[in-house]
Structure formats: structure tokens, C-alpha cells
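Read the structure below first, then the notes.
The sequence lines fix the lettering, A, B, ..., with proteins before strands; numbering per chain opens at 1.
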Amino acid sequence: MNVLIDKFDVFAGGFWLTLQICVLAAIGALILGAVVAVLRISPVPPLRALGTGYVNIFRNLPLTVVMFFAAFGLPALGSNADFLRLPGLDAIFSRLDTDLPYFRFALIALVLYTAAFVCEALRSGVNAVPAGQAEAARSLGLTFGQNLRYVVLPQSWKASVVPLGSVIIAMIKNSALIGFFGVVGDLSQTADQLTSAGGYAFVPVAIGISIGYLIMTVPLGALLDRIEKRQAVAR
Amino acid sequence: MAKGEPLIVLDGVNKWFGPLHVLDGVSLSVGRGEVVVVIGPSGSGKSTLCRTINRLEPIDSGTITFDGQPLPAEGKALARLRSEVGMVFQSFNLFAHKTILENVTLGPVKVRGEKPAAARERGLALLDRVGIANQADKYPAQLSGGQQQRAAIARALAMQPKAMLFDEPTSALDPEMVGEVLDVMTSLASEGMTMVVVTHEMGFARHAANRVIFMADGQLVEDAPPAEFFANPRSERAKDFLSKILTH
């Protein structure tokens, strides 16, 4: 078990990288998922079809395949995902010793994949708001956007927040795949480094990695339980 | 706009829910200041008729004009039209996350761009008028059904509508609360508001309506002044309906 102490810095580095990509992917997926959800409930049929198409593709493909497309498809199209080199984001990317585009590819894949589930979690919240609320808002003359903003969304987030949390927890665990797509040094890829290259026994390394993931996911799950309990009391 | 020109005109309106012909060639015109009560057995299409007037239910064929303009398609123009037609629902549909006063001021502030202070003042006056000014800062769930429905009427009136649609406004109420809602509606009617009221309250139809419309199986069967309709229904369907509801 000495590996946990001797190589603590490797685990910590892996934890840090995984946390970074998860925070970025969660933000990206929440934004994109919200946009897709608005498309899916929009009164304009082509927009609705677009949203539905998006969800049908990305919810039903394995994440591995989405990652393959990001990591091999984007370069084939001549893109290194440089469009993600935004000022604030770039500061985070450059903290990585090797600024390979794979981090960006992995981020794109995680965001695209998770956004489909975020969309459905948000939509289930919207569907939980009685139809009469939106009807009353329409009959007052509120536009679709005003209706969402002032009437539907403020009531839907309560029903959305718990499923959204589950989506984010799943995303954190899904991020373990990025090591297989060229991102060096995330939490799960640390296992490969320490066992194949470092010669450490697998089980202690796996325990260390599990602890790393649990540190991220367990508090999030506990938070969701608290929110759920509070809602149950309020109801 | 001539005074004689009707405010709401439906002409040959048809609507299907799947195979169900829920509105079958309905033509109807409602004059300014007129109170039209729509009655009929459940499933006769009367609620649907009411909801087509502000296009909460789109129709399959025929035309509906409001204030001389055909109903626009979904979008800004339709939103503007809806803001001129007040609607009161069977299940109140007050915004559950907003106080009673916020319910009443949301439309004026967000749709009409009124100043919040002015909308608030007018909202309080309306709540006073329907007799629930002391409930202004409560949430809908804290009010009785009758109070909620009166708040919903105030919310619709806050838009200063040209007409009011009532879709079974008392059907979800406990019997002792029906009167307080009908009182508000009766006073509205006497002040000259144009109203289309779907209801089972025959008393209201008798004393407040200018005309009674009887619907059955999606068709407009009778259209007569209340005294005439209740005394001498012409159709068998109406006779049958009235005999069932008036014997108890």
C-alpha cells in the first residue's frame, strides 16, 4: 500500500486534471444541454426536430464512439479544436505541461455526450410543471421566451436538480475514458502509469484511484440527498 | 369600428381530436358588451370552443376573427391578441411560485411594459374589487378555491381585456364558494364586459346572460335568449339536457 504515500503526487495530479476537465465539461454540458432543451420544447417544429435529433444521436451512441469521433474525426477535418482556446479557458489548458489538443477533444466529446442527458433532465423538470401554468402565461400574452423565463423554468428547476446531479455524477465517472484517448495524467490513466511503467501492484493503485473518484462523487451525491429531503419537506 | 360590429366571430369552425369531430361547423358571433353563456353535456365541445377564441386550441378549418382581425398564427401578433382576451380556467392556474399580487402584475409589467409601481397600485385596486386585497402577499396554495378563482379573474382583468373567456370557472369549487365567484362575474357582466362563459351554473345563465348557446356533439344546437331557451327549448337534445339537470 506504500504506493499511496510514495506516489501521492501522481494521484493528486491525476485528481486535479480529472477535476479540471469535469468542471469544464459540466459547465459546457449544462449550457449546451439548456440550449438543446429549449429547442426541444420550442413551438417551432424545425427547431424541435433539431433538438430531438441531437438527443437521439448523442444519448444513444456510446461515449467511446463520440470520443473516437472527437479525437480522430476533428483532426481529419483539419481542426485541432483551437476554437476552444478562449482567453479564460486557455489559462487552464496551459497549466497542463503538454498542451496537446487531446484535452480539448476529450472535453468536446464529454460536453456533447453529457448535454443530451442534461437536456432530458431539464425537460423532465419542465414536464413536471402543470400544463395549465404555461397556458395561463400564454393567455396573458407572454411570449414563449417570457413564459419559460418567468413562469415555467422557475418552477421546473426543483424537479430537475436531482436528475441533473445524477447526470453530472455519471459524467465524472465517464471522464475515466479520456485516458484512452490521448489525455495523459488524468485520474484513471494514473493507474496505467503506475502499474505498467512504475511496476506497482494493481490493487493498491486501484484503491487510490477509487478514493480519488469518490472524493468527487460522494459529496455531490450527499448534496443531492439533502436537496431532495428539503424539497420533500416543502411539499 | 361600428358599435354594431361584433367583437368575436366564428365562421364554420371545425376541429378534430384524432377521429373525434369536436367542433363541427360552429358559427357564432358575439357582440360588444354581450354575455354569451355556453352550456351542454360534457364532451360536447364547449370548452374547446372557448379555448379556440384565443387560439389555445388551433382549429382545423373555418375562420375566427377578433375585433375585425383574423386570429394570427403563433408568434408575437398572437401574443398581443391574447393579451387583449382575458381567460379564466376551471383549475385557476395561478402561478404557483408567485404571490397573488405578483400573479396580477406579471402581465402588465412584462407584456405591456407598465411601471411596476403603477401595475402594483392597479393590481391592488383589482384585488380589492374582487374582495381579496388582504390576500395580496400570500401564495396561491394558501388561498381557498373561491379566492384563487377571484384572483385569477383579477389577473385577467389587469390586462384591461376587450373580452373575457370563462372555461367552467366554478366547476372545481366547493359549493359554498361558487357564489362569491359568480358575484364577481355578474358585476363584470353588468358593467358591459364582453364575456363568453362555459358553465353549468344555470342560475347565472338565466340572470346574467344575453344569450344562451347550447352545444351537443360538437355542434351549436341552439342560440337563444335565456328566458326563451329555458322556457321553450326547441331541440330534443336541449329538452333532454334540461330535463336531466333541472329535475334535481
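Other residues, nucleotides and ligands place no more than 12 heavy atoms under 6.0 Å from the CZ atom of B/Arg120. In the displayed structure, A/Arg149 atom CZ is contacted under 6.0 Å by at most 12 heavy atoms of other residues, nucleotides or ligands. Within 6.0 Å of atom CD in B/Glu121, 12 or fewer heavy atoms from other residues, nucleotides or ligands are found, so the atom counts as exposed in its surroundings. Within 6.0 Å of OH on A/Tyr213 lie more than 12 heavy atoms contributed by other residues, nucleotides or ligands.
Proximity of B/Phe95 to A/Pro154: side-chain heavy atoms (C-beta onward) are nowhere separated by under 4.5 Å. A 4.5 Å side-chain heavy-atom check between B/Val111 and A/Thr143 finds every atom pair outside the cut-off.
Screening B/Arg155, B/Arg82, B/Lys110 for a side chain to side chain contact (heavy atoms under 4.5 Å, CB included) with A/Leu140, the sole residue that qualifies is B/Arg155.
One distance of note links CZ of B/Arg51 with CD of A/Glu135; it measures 4.0 Å at 0.5 Å rounding. Remark: B/Met87 CE to A/Arg138 CZ distance equals 10.5 Å, nearest 0.5 Å.
Although no hydrogens or angles enter the test, the distance criterion places a donor-acceptor pair under 3.5 Å between the side chain of B/His97 and the main chain of A/Tyr150. At least one donor-acceptor pair under 3.5 Å links the side chain of A/Gln133 to the backbone N or O of B/Ala96. Proximity of a side-chain donor or acceptor of B/Asn93 to a complementary backbone N or O of A/Ala136 within less than 3.5 Å is not detected.
At a 4.5 Å heavy-atom cutoff, B/Leu165 makes no contact with chain A through either its backbone or its side chain. For a residue to count as touching a neighbouring chain, one of its non-hydrogen atoms must lie under 4.5 Å from one of that chain's; by this rule A/Ala131 does not touch chain B.
Shown here for B/Asn54 and A/Ser139, the closest heavy-atom pair between the two residues is ND2-CB, 3.7 Å.
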